[in-house]
Amino acid sequence: MALLEVSGVTVAFGGNRALDGAGLSAEGGRVTGLIGPNGAGKSTLFDVVSGLRRPSAGRVVLDGRDVTRLGPARRCRHGLARTFQRLELFGRLSVRDNLLVAAELGPERRRAGQVADDILERLGLTGIADSSADTLPTGVARLVEVGRALAVRPALLLLDEPAAGQDGEETERFAALLRSLADDGTAVVLVEHDMGLVMGVCDQVYVLDLGKVIAVGPPDVIRNDETVLAAYLGDIA
């Protein structure tokens with residue numbers, strides 16, 4: 001059974017449909033990719049899943065529970081965490097304190113300090129634990145944001161362009177991290193424009209275009225899908 005089931009989701013801004021009957025499924029232990037051209041509706045779909053935007057139609061089911069009408073805080077308590085396309089760190093706090101803020105709201109709040117330290121070590125950030133978040137290069141800052149999401153111990157992790165600003169070596173390490181999270185049983189959903197990362201790490205890929213899912217399948221199928229090539233991959237190949 002999928003941990004996340006999104007079905008028939010529609011979101012309209014005025015007369016324009018940002019999402020038009022879109023759906024997505026994500027299982028624990030797998031990395032699911034969500035790709036498409038700019039304006040396809042990827043971040044809007046994340047907003048719907050995380051409770052920041054209520055759809056005019058459709059359902060969001062998390063771990064068997066219909067959460068369509070629940071707000072972000074309650075969805076977080078049911079095991080969802082998210083990062084954003086725009087960095088949302090607490091710039092004046094240290095890297096460790098950014099993680100502590102989240103850990104103290106999570107299920108292991110009584111050992112928040114240890115949770116933060118464990119994540120720092122796992123992400124290779126221990127050496128900059130005391131650095132102010134607003135001094136970090138973008139690629140590292142995005143990794144800290146992922147760490148903060150992990151501090152609430154999510155079963156479902158939504159990542160919105162987390163590799164933006166990373167160099168090649170950082171992206172390789174990040175790919176290994178995503179696979180290790182999946183190996184731990186986490187359901188990871190990845191929005192990303194780095195097709196090398198997506199095709200190398202994802203088990204299943206959804207393609208959005210003009211608010212609709214136009215293809216679903218493993219990377220090898222998506223890479224050779226003529227509809228996808230015409231709508232998206234052909235422009236960046």
So, does E192 use its side chain to make a donor-acceptor pair with the main chain of A163 at under 3.5 Å?
yes
Taking L157 as the fixed residue, which of L80, V189, L150 is the one that meets the side chain to side chain contact (heavy atoms under 4.5 Å, CB included) rule?
L150
Gap between atom OG of S43 and atom CZ of R53 - 0.5 Å precision:
11.0 Å
Which atom of C202 lies closest to which atom of T32, heavy atoms considered:
SG-C, 4.1 Å
Would you say that R96 contacts L100 through its side chain, given a criterion of any heavy-atom pair below 4.5 Å between the two side chains?
yes
Taking side chain to side chain contact (heavy atoms under 4.5 Å, CB included) as the criterion, tell me which of V67, V6, D66 meets it with R59.
D66
Smallest heavy-atom separation, T138 atom then G165 atom, equals CG2-CA, 4.2 Å
Quick one: do R223 and D220 satisfy side chain to side chain contact (heavy atoms under 4.5 Å, CB included)? Show the steps, please.
CA-CA 5 Å; R223 188 183 286 114; D220 286 346; 2.7 Å; yes
Determine whether a donor-acceptor pair (N or O, by modelled atom type, separation under 3.5 Å) exists between the side chain of K42 and the backbone of D160.
no
For E88 and R148: C-alpha separation, side-chain torsions, deciding distance, then whether side chain to side chain contact (heavy atoms under 4.5 Å, CB included) applies.
CA-CA 10 Å; E88 298 287 347; R148 193 175 60 184; 4.0 Å; yes
Are E108 and Q114 close enough that some pair of their side-chain heavy atoms sits under 4.5 Å apart?
no
Heavy-atom side-chain proximity of V95 to D130 below 4.5 angstrom:
no
I want to check something: taking the side chain as every heavy atom from C-beta on, are V201 and L190 in contact at a cut-off of under 4.5 Å?
yes
Measuring only between side-chain heavy atoms, which start at C-beta, is V191 closer than 4.5 Å to L159?
no
Check this for me, if you would: do R82 and D47 make a salt bridge, where the nitrogen-to-carboxylate-oxygen distance has to be below 4.0 angstrom?
yes
Heavy atoms only: give me the nearest A155-L3 pair and the separation to one decimal.
O-CD2, 3.3 Å
Working to the nearest 0.5 Å, report the span between NZ of K212 and OG1 of T10.
9.5 Å
Determine the minimum heavy-atom distance between L99 and A116, stating which atoms define it.
CD1-O, 3.7 Å
Beyond-backbone contact of R142 with T83, side-chain heavy atoms, under 4.5 angstrom
no
Residues, nucleotides or ligands: over 12 heavy atoms within 6.0 Å of L52 CG:
yes
Side-chain contact, heavy-atom cut-off 4.5 Å: F174 with L143?
yes
Output for pair (L136 CG, L89 CG), nearest 0.5 Å, gives 7.5 Å
Would you give the length of the straight line joining atom CG of N98 to atom CG of L120, rounded to the nearest 0.5 angstrom?
10.5 Å
Check whether any side-chain heavy atom of R75 sits under 4.5 Å from a side-chain heavy atom of V60, and report yes or no.
yes
Check against side chain to side chain contact (heavy atoms under 4.5 Å, CB included), V213 and V207:
CA-CA 6 Å; V213 175; V207 186; over 6 Å; no
Considering residues, nucleotides and ligands other than R173, do more than 12 of their heavy atoms fall under 6.0 Å from its CZ?
yes
If I compare all heavy atoms of A215 with all of I222, which pair ends up nearest, and what's the gap?
CB-CD1, 3.9 Å
Cluster partners of L93, using ILVMFWY side-chain heavy atoms under 4.5 angstrom, listed by chain and number?
F90, V101
Where is the tightest heavy-atom contact between V205 and V198, given as atom of each residue plus distance?
CG2-CG1, 4.1 Å
Would you say S94's side chain and D97's backbone share a donor-acceptor pair under 3.5 angstrom?
yes
Drop me the distance from I119's CD1 to L125's CG, to the nearest 0.5 angstrom.
10.0 Å
Below 3.5 Å, can you tabulate the donor-acceptor pairs from side chains in residues 15-28 to any protein atom, sequence neighbours excluded?
{"from": "R17", "atom 1": "NH1", "to": "D20", "atom 2": "OD1", "distance (Å)": "2.9"}
{"from": "S25", "atom 1": "OG", "to": "E5", "atom 2": "OE2", "distance (Å)": "3.3"}

Result of checking R179, R122, R30 against D184 for salt bridge (charged side-chain N to carboxylate O under 4.0 Å, His left out)
R122
With hydrophobic residues grouped by side-chain heavy-atom distances under 4.5 Å, do L45 and I214 end up in a single group?
no
Please walk me through it: do V115 and R153 pass side chain to side chain contact (heavy atoms under 4.5 Å, CB included)?
CA-CA 9 Å; V115 169; R153 299 305 199 203; 3.9 Å; yes
Using the rule that Ile, Leu, Val, Met, Phe, Trp and Tyr join whenever any side-chain heavy atoms are under 4.5 Å apart, tell me whether L208 and V49 fall into a single cluster.
yes
Answer yes or no: is there an ion pair linking D118 with R111, defined by an N-O contact shorter than 4.0 Å?
yes
Treating T186 as the side-chain partner and A182 as the backbone partner, does any N or O pair qualify as donor plus acceptor under 3.5 Å?
no
